[in-house]
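Model, not experiment: these values are computed from the prediction. Just so you know, residue 1 is the first one in the sequence shown, and it goes up from there.
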Amino acid sequence: MRKNDMHINCNETLKYDIGLLEELDSLFGNSCKIIKMLSKPPDRFYLRVNTTKISKNEYLKILKENGINFYEDEHIDYAIWAPINGPYEIPIYNKKIYVNKYASESVYLGSNLYIPGILKADKIKKGDKVTIFSKNNIPLASGTSAIDWEDIYKLKNGLAVIVEDSVYKSPKIRELPGFNEGYIYSQSIPSILIGEIIDTNDFGKNPIIIDMNAAPGGKLGLIAQKFNRNSKIIAIDRPSKVNDLKERIHRLGYDWVEIIGGDSRYASQELKINEKADLVLIDPPCTNLGVIPKLYDQKSLRDMIVLTKYQKQFINEAFKLLKPGGTLIYSTCTLTYSENEANIMYATSIGFDVEEINIKADVIKNDYGIRFSPERGYPGFFISKLIKNV
């Protein structure tokens, strides 16, 4: 067995090979320490209030009238939060349901379970008490079945389990008042802070803005909210993601955003835009090591190397799209140096300059951008702001 094929279990459910651990050691000193933090959620559950539809104070008033407590963020006017509490013991029932990765992370925090997240289930009946497990047998939550077993295959969508007990507790986003009306969007605080990094005053009238990795739509919606209709916003992502993205953007009311299915590594050709964009956002596929809570994962140094090469293709295309003096926001939800600082070093080699980021948040700053760390109660995240050389 080669050295980099060996997996070390810093955490029983998170398996990373020695090469990847050494990459993390170079940043954090003790990779196992940081990895053990990845199974814990952030300290706060954040919502971005969609100020194109409602003010923050109006929405907080609606929450208060419904007996729901949220708090204003200390620095961001359109962000509110509620604490994430736990961990708690949950009852284990005889009837079991196993769910996919996305559903696991959601119900672990108290969200209800929906049919698309189910991998397999016992022959449950509506009204049965059930326990929800991840595919690697971690108990996540318990509650009452809202469907019969046959409905999983007949309906394919809809509510499956009303969660009553979960390991951690945070607000159920779909059940909050104003969700269907598009008043709110659940978004991590590092992602929301991108809006504080971008100053609309730095751009002229009707700027051209391109989000090259637009799904699921958090940063896209944030940009639409900040620039409103005084901009031309184009969102690109894989065709398989377009319908969900359109549905989400429609709910939020950003009907002036143009959404295109395609390979954004060739966006300049597909859009026939060359050196015209004022602002480009890249949030490329990455190793996702910063996404928390992480219930199971397995990654290798090879995975990281492949993704790093892939990410550079987006940087190259962003350079083609941007006009001289245009702005690139590069972000990832991962922890490695290679996918973050090293990629920014590459960007400077092809004609970008790094601009210092000054925001009011407990971040780690370096010459290439800012980092958010699980050690400080955040998801792992990296942001860099770059300007194309004139």
Asker: Membership question, hydrophobic clusters at under 4.5 Å side-chain separation (ILVMFWY): are Ile173 and Trp81 in the same one?
Answerer: no
Asker: Membership question, hydrophobic clusters at under 4.5 Å side-chain separation (ILVMFWY): are Ile192 and Ile357 in the same one?
Answerer: yes
Asker: Check whether any side-chain N or O of Asn85 sits under 3.5 Å from a backbone N or O of Lys169 as a donor-acceptor pair, and report yes or no.
Answerer: no
Asker: Under 3.5 Å, is there a donor-acceptor pair linking the side chains of Ser106 and Ser111?
Answerer: yes
Asker: Any side-chain donor-acceptor pair under 3.5 Å between Tyr368 and Asn343?
Answerer: no
Asker: Salt bridge check, Arg229 against Asp255: does any charged N sit closer than 4.0 Å to a carboxylate O?
Answerer: yes
Asker: Run the side-chain contact (heavy atoms from CB on, under 4.5 Å) check on Lys323 and Asp278 step by step: do they pass?
Answerer: CA-CA 6 Å; Lys323 66 183 184 183; Asp278 297 275; 2.5 Å; yes
Asker: Is the backbone of Asp148 close enough, under 3.5 Å, to the side chain of Asp151 for a donor and an acceptor to pair up by distance?
Answerer: yes
Asker: Please determine whether side-chain contact (heavy atoms from CB on, under 4.5 Å) holds for the pair Phe372 and Ile189, giving the CA-CA distance in whole Å, both sets of side-chain angles, and the decisive distance to 0.1 Å.
Answerer: CA-CA 10 Å; Phe372 298 80; Ile189 188 60; 5.6 Å; no
Asker: So does Arg44 pair up with Glu74, basic N to acidic O under 4.0 Å?
Answerer: yes
Asker: Does the Asn137 side chain pair with the main chain of Phe133, one donor and one acceptor, at a distance under 3.5 Å?
Answerer: no
Asker: side-chain contact (heavy atoms from CB on, under 4.5 Å), that's the test. Do Asp297 and Tyr16 meet it? Break it down for me.
Answerer: CA-CA 8 Å; Asp297 194 25; Tyr16 304 119; 2.8 Å; yes
Asker: Any side-chain heavy atom of Thr334 within less than 4.5 Å of one from Met304?
Answerer: no
Asker: For Asp77, is there an ion pair with Lys56 - N to carboxylate O distance below 4.0 angstrom?
Answerer: yes
Asker: Between the side chains of Ser142 and Asp165, is a donor N or O closer than 3.5 angstrom to an acceptor N or O?
Answerer: no
Asker: Spell out, yes or no, whether Ile344 and Ile315 are grouped together once hydrophobic residues are joined by side-chain heavy atoms under 4.5 Å, including indirect joins.
Answerer: yes
Asker: Without hydrogens or angle criteria, can the side chains of Asp73 and Tyr46 be said to hold a donor-acceptor pair below 3.5 Å?
Answerer: yes
Asker: Can you confirm whether the side chains of Asn50 and Tyr254 place a donor and an acceptor under 3.5 Å from each other?
Answerer: yes
Asker: Assess the side chains of Asn340 and Thr332: does a donor N or O sit below 3.5 Å from an acceptor N or O?
Answerer: yes
Asker: Take atom CD of Glu65 as the centre, draw a 6.0 Å sphere, and report whether it contains more than 12 heavy atoms from other residues, nucleotides or ligands.
Answerer: yes
Asker: Take Asp25 and Ser31 through the side chain to side chain donor-acceptor pair (under 3.5 Å) test and state the conclusion after the steps.
Answerer: CA-CA 5 Å; Asp25 279 337; Ser31 56; 2.9 Å; yes
Asker: Decide yes or no for Ser145 and Lys95: does some side-chain heavy atom of the first lie under 4.5 Å from some side-chain heavy atom of the second?
Answerer: no
Asker: Does a side-chain N-to-carboxylate-O contact under 4.0 Å join Glu196 and Lys360?
Answerer: no
Asker: Taking atom CG as the centre, does Asp199 end up with more than 12 heavy-atom neighbours from other residues, nucleotides or ligands that are less than 6.0 angstrom away?
Answerer: yes
Asker: Should Leu24 and Thr336 count as side-chain neighbours, where that means a heavy-atom distance under 4.5 Å?
Answerer: yes
Asker: Under 6.0 Å from the ring centre and within 45 degrees of the ring axis: does the NZ or CZ of Arg174 meet both conditions for the six-membered ring of Tyr114?
Answerer: yes
Asker: Give me the one residue out of Asn112, Val130, Ile90 that meets side chain to side chain contact (heavy atoms under 4.5 Å, CB included) with Val163.
Answerer: Asn112
Asker: Please check: side-chain N/O of Gln311 versus main-chain N/O of Pro285, any donor-acceptor pairing under 3.5 Å?
Answerer: yes
Asker: Check whether any side-chain N or O of Glu23 sits under 3.5 Å from a backbone N or O of Tyr337 as a donor-acceptor pair, and report yes or no.
Answerer: yes
Asker: Give the cluster check for Val242 versus Ile234: same hydrophobic cluster or not, with ILVMFWY residues linked at side-chain heavy-atom distances below 4.5 Å.
Answerer: no
Asker: Is any side-chain heavy atom of Ile305 less than 4.5 Å from a side-chain heavy atom of Thr308?
Answerer: no
Asker: Side chain to side chain donor-acceptor pair (under 3.5 Å) for Tyr346 and Asn316? Distances and angles first, verdict last.
Answerer: CA-CA 10 Å; Tyr346 170 76; Asn316 290 334; 2.6 Å; yes
Asker: Would you call Ile194 and Ser331 a side-chain contact if the rule is heavy atoms closer than 4.5 Å?
Answerer: yes
Asker: Taking NE2 in His75 as the centre, count heavy atoms belonging to other residues, nucleotides or ligands within less than 6.0 Å. Is the count above 12?
Answerer: yes
Asker: Report yes or no: does Glu275 contribute a side-chain atom to a donor-acceptor pair with the main-chain N or O of Pro324 at less than 3.5 Å?
Answerer: no
Asker: Is there a side-chain contact between Leu222 and Tyr185, using heavy atoms and a 4.5 Å cut-off?
Answerer: no
Asker: Please name the residue in the list Ile197, Ile76, Ile383 that meets the side chain to side chain contact (heavy atoms under 4.5 Å, CB included) test with Ile359.
Answerer: Ile197
Asker: Given 3.5 Å as the limit, does a donor-acceptor pair link the side chain of Lys129 with the main chain of Tyr93, or not?
Answerer: no
Asker: Between Arg251 and Glu247, is there a side-chain N and carboxylate O pair less than 4.0 Å apart?
Answerer: no
Asker: For Thr13 and Leu295, indicate whether the former's side chain and the latter's backbone hold a donor-acceptor pair under 3.5 Å.
Answerer: yes
Asker: Do Glu317 and Ser264 have side-chain atoms, one donor and one acceptor, less than 3.5 Å apart?
Answerer: no
Asker: Hey, are Ser134 and Asn136 close enough side-chain-wise for a donor-acceptor pair under 3.5 Å?
Answerer: yes
Asker: Check whether Tyr98 forms a cation-pi arrangement with Lys120 (NZ or CZ under 6.0 Å from the six-membered ring centre, at most 45° off the ring normal).
Answerer: yes
Asker: Can you check side-chain contact (heavy atoms from CB on, under 4.5 Å) on Thr327 and Leu322, steps first, answer last?
Answerer: CA-CA 7 Å; Thr327 301; Leu322 282 164; 5.6 Å; no
Asker: Please check if atom OH in Tyr153 has more than 12 non-hydrogen atoms from other residues, nucleotides or ligands closer than 6.0 Å.
Answerer: yes
Asker: Mark yes or no for whether Asp17, through its side chain, and Leu301, through its backbone, hold a donor-acceptor pair below 3.5 Å.
Answerer: yes
Asker: Within 45 degrees of the axis of the six-membered ring of Tyr310 and under 6.0 Å from its centre: does Arg265 put its NZ or CZ there?
Answerer: no
Asker: Is a salt bridge present between Asp43 and Lys40, judged by a nitrogen-to-oxygen distance below 4.0 Å?
Answerer: yes
Asker: Crowded around Lys312 NZ? As in, over 12 foreign heavy atoms under 6.0 Å?
Answerer: yes
Asker: Would you indicate whether the side-chain heavy atoms of Ile208 and Leu321 approach each other to under 4.5 Å?
Answerer: no
Asker: Are any side-chain N or O atoms of Trp256 and backbone N or O atoms of Asn228, one a donor and one an acceptor, separated by less than 3.5 Å?
Answerer: yes
Asker: Can you check whether Leu328 reaches Lys388 side chain to side chain, under 4.5 Å on heavy atoms?
Answerer: no
Asker: Of the options Ile223, Ile273, Leu281, which is the one that meets Ile210 in a side chain to side chain contact (heavy atoms under 4.5 Å, CB included)?
Answerer: Ile273
Asker: For residues Ile236 and Tyr330: do they belong to one hydrophobic cluster (side chain heavy atoms under 4.5 Å, members Ile, Leu, Val, Met, Phe, Trp, Tyr)?
Answerer: yes
Asker: Look at Glu58 together with Lys61 and state whether they make a salt bridge at an N to O cut-off of under 4.0 Å.
Answerer: no
Asker: Taking the six-membered ring for Trp, are the ring centroids of Phe70 and Tyr59 within less than 6.0 Å of each other?
Answerer: no
Asker: How long is the gap from CG on Asp263 to CD on Gln269, to the nearest 0.5 Å?
Answerer: 10.0 Å
Asker: Considering residues, nucleotides and ligands other than Lys101, do more than 12 of their heavy atoms fall under 6.0 Å from its NZ?
Answerer: yes
